[in-house]
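Reviewing the structure listed below.
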Number of protein chains: 2
Amino acid sequence: MSPGEAQAPENTPKTRRERVEQRENAIVAAAHDAFVDMGFEGARMADIARAAKVAEGTLYLYFKNKNALLDAVVGRFYERLTEAAQDGVQDRADTFACLEFLARHHLVSCIREWRILELVVSRYRNLQHYQDRGPYQLNRRYVAIFDSIVSLGMKRRDIDPSLPLWMVRDLFYGTLEYAARTQILRGEQANIAIVIDSLMSMLRSGIAPGDQAAVESVDLEQISRRLEQVAARLENTT
Amino acid sequence: MSPGEAQAPENTPKTRRERVEQRENAIVAAAHDAFVDMGFEGARMADIARAAKVAEGTLYLYFKNKNALLDAVVGRFYERLTEAAQDGVQDRADTFACLEFLARHHLVSCIREWRILELVVSRYRNLQHYQDRGPYQLNRRYVAIFDSIVSLGMKRRDIDPSLPLWMVRDLFYGTLEYAARTQILRGEQANIAIVIDSLMSMLRSGIAPGDQAAVESVDLEQISRRLEQVAARLENTT
DNA sequence: TTGAATAATTGAACGCTATTCAGTATAACT
DNA sequence: AGTTATACTGAATAGCGTTCAATTATTCAA
């Protein structure tokens, strides 16, 4: 209100909406840290309240219960994930280049925010009514980016259209999640490049050796040409 | 002890060891059902005790705590899984035939005992000290079967030896777990065949269209033979 | 068969944590 | 300033896993 007042939202926000939002952010941030540090069960509502500088009861004015608090934390994770994925895909034309970007992005994000992913895995993957909870829709939105790349790739015949889309998706994200876990368990610094290269290689030509598809189709052409030459000579001779 | 005694362990087992074992089985069975029906958190120790016809305190004589009870339930799951996998692999020579068997076995088992798998995912995948708990070793033993198939496949050059073994493993089991979840979420009856066929196809030749490797290598042989025929005739003629 | 010694079992009591709610303080508006 | 509506508080509640003093069953020597 006072004209010279600098817009410093961190100290004394003026509107009610701002105050509420700021408090919600503080709570979600406190919950994020508590969950990451202690896991879902290990994090106590009392701790979260203290960290957010709020009474325990106040948490329940902002979130129905501990699960809803987790939904909020995980929701923000998916928002970050989706935004970055969208950005990276936009300026890439080639199907496999897009897939490689998405793979690297997913892997790096999963490794960086591994504790969040653990929460997702352990608290959503086993609930019948997961589909009713917030992060489900956000997950759909994230995955939709991948789906559109693959659909387009199938139209372009970069990807075999007879494969079910969901199966390609399960292979892609299933592999990446497992690979991320492997990297985490290994400790050391994670070797992103090897994972991505291997995955892309397997996507392009399977697990058989020597990238046969490419190599042999070259041979095939050469041999075919040679056959025609020989056949032509034979026909000329006789 | 008494000579005419029929071996009926269900009613009045004689030795202490038998009694203890029988009770342990009853407890694990009760825990299994409770976990499957209600999930880990939903299942109450009081319920399990009642179902096993035992006092609550008795559970703690047999298992250190609720987690140890889960370890026992999951341990038995892995034992079943490993035994069947071992059996199926034994009488199969071809690398890809083994992989296909393992894939189908894993997928079918995961779908059949989905609730158990949910427990595994939600309670082990996020613990730092998972490696200390019982089921870790059993999981290793199970996965070792796959590893030995792939290692042998690499020696035989059925599988590209430059791929990291762990990466092939992550692709295999990551894909199958995600695919199992997809099948479960879809409801209906699960379509095992499509999952397995798609996976094997992607393993053999990636996601590119036309199964080129296999098809073209057959063409290659045919053409090569034909070329020799023509060449032979040409040589005879000239 | 006895009876002491040992082992197994019980269930009420404990501690811990998410959640609630009656009471209190703060903001909004006239 | 006074009044109403809104936001906040933290002690009280309830439900669960876990413990342990008391009780019952089993073993085994005499």
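The sequence lines fix the lettering, A, B, ..., with proteins before strands; numbering per chain opens at 1.
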Discussion item. From C-beta outward on K66(A), which listed nucleotide comes closest to its side chain: dA18(C), dT9(D), dT26(D)?
Written reply: dA18(C)
Discussion item. Tell me the interatomic distance from N65(B), atom CG, to dT19(D), atom P, rounded to whole angstroms.
Written reply: 8 Å
What side-chain donor-acceptor pairs closer than 3.5 Å can you find for residues 30-40 of chain B, not counting sequence neighbours?
none

Worksheet item: Please give, in whole Å, the distance from dT18(D) P to K64(B) NZ?
Response: 8 Å
Worksheet item: Taking atom CG of D170(B) and atom OG1 of T175(A), what is their separation to the nearest 0.5 Å?
Response: 7.5 Å
Response to the item:
Residue pairs meeting side-chain hydrogen bond (donor to acceptor under 3.5 Å, both in side chains), one or both in residues 83-92 of chain B, sequence neighbours left out, come to none
Fill in: Nearest-Å distance for atom pair CD/P, residues E24(B) and dT9(C)
12 Å
Discussion item. So that I can tick it off, tell me whether E79(B) and R76(B) are bridged by a salt bridge, with the cut-off set at under 4.0 angstrom between side-chain N and carboxylate O.
Written reply: no
Worksheet item: What is the distance from CG of L59(B) to P of dT10(C), rounded to the nearest Å?
Response: 9 Å
Worksheet item: Any idea which of dT20(C), dT9(C), dC8(D) is nearest the L61(B) side chain?
Response: dT9(C)
Worksheet item: With sequence neighbours left out, which residue pairs that include part of residues 49-58 of chain A fulfil the side-chain hydrogen bond (donor to acceptor under 3.5 Å, both in side chains) condition?
Response: D47(A)-R50(A)
Discussion item. Which nucleotide wins on minimum distance to the side chain of Y60(B), given the candidates dT18(D), dT9(D), dT19(C)?
Written reply: dT18(D)
Response to the item:
Residues in residues 26-40 of chain B with a heavy atom under 4.0 Å of DNA chain C, by number, are none
Worksheet item: Do L138(A) and Y142(A) come within less than 4.5 Å of each other through their side chains, counting heavy atoms only?
Response: no
Worksheet item: Does NZ or CZ of R169(A) lie under 6.0 Å from the centre of the six-membered ring of F172(A), at an angle within 45° of the ring axis?
Response: no
Item to complete: If the plane angle is over 60° it's perpendicular, under 30° parallel, otherwise tilted; pick one for H106(B) and Y173(B).
Response: perpendicular
Practice prompt. Please work out if Y62(B) contacts a base, only the sugar-phosphate, or nothing of the nucleic acid, heavy-atom cut-off 4.0 Å.
Written response: sugar-phosphate
Worksheet item: Can you tell me how far P of dT20(C) sits from CZ of F63(A), to the nearest Å?
Response: 15 Å
Response to the item:
Separation of dA7(C) atom C1' from R19(B) atom CZ, nearest Å, is 10 Å
Practice prompt. Go through residues 41-58 of chain B and report each residue with a non-hydrogen atom lying under 4.0 Å from DNA chain C, sorted by number.
Written response: V54(B), A55(B), G57(B), T58(B)
Worksheet item: What residues, two or more places apart in sequence or in another chain, satisfy side-chain contact (heavy atoms from CB on, under 4.5 Å) together with S198(A)?
Response: I194(A), M202(A), L163(B), P164(B), M167(B)
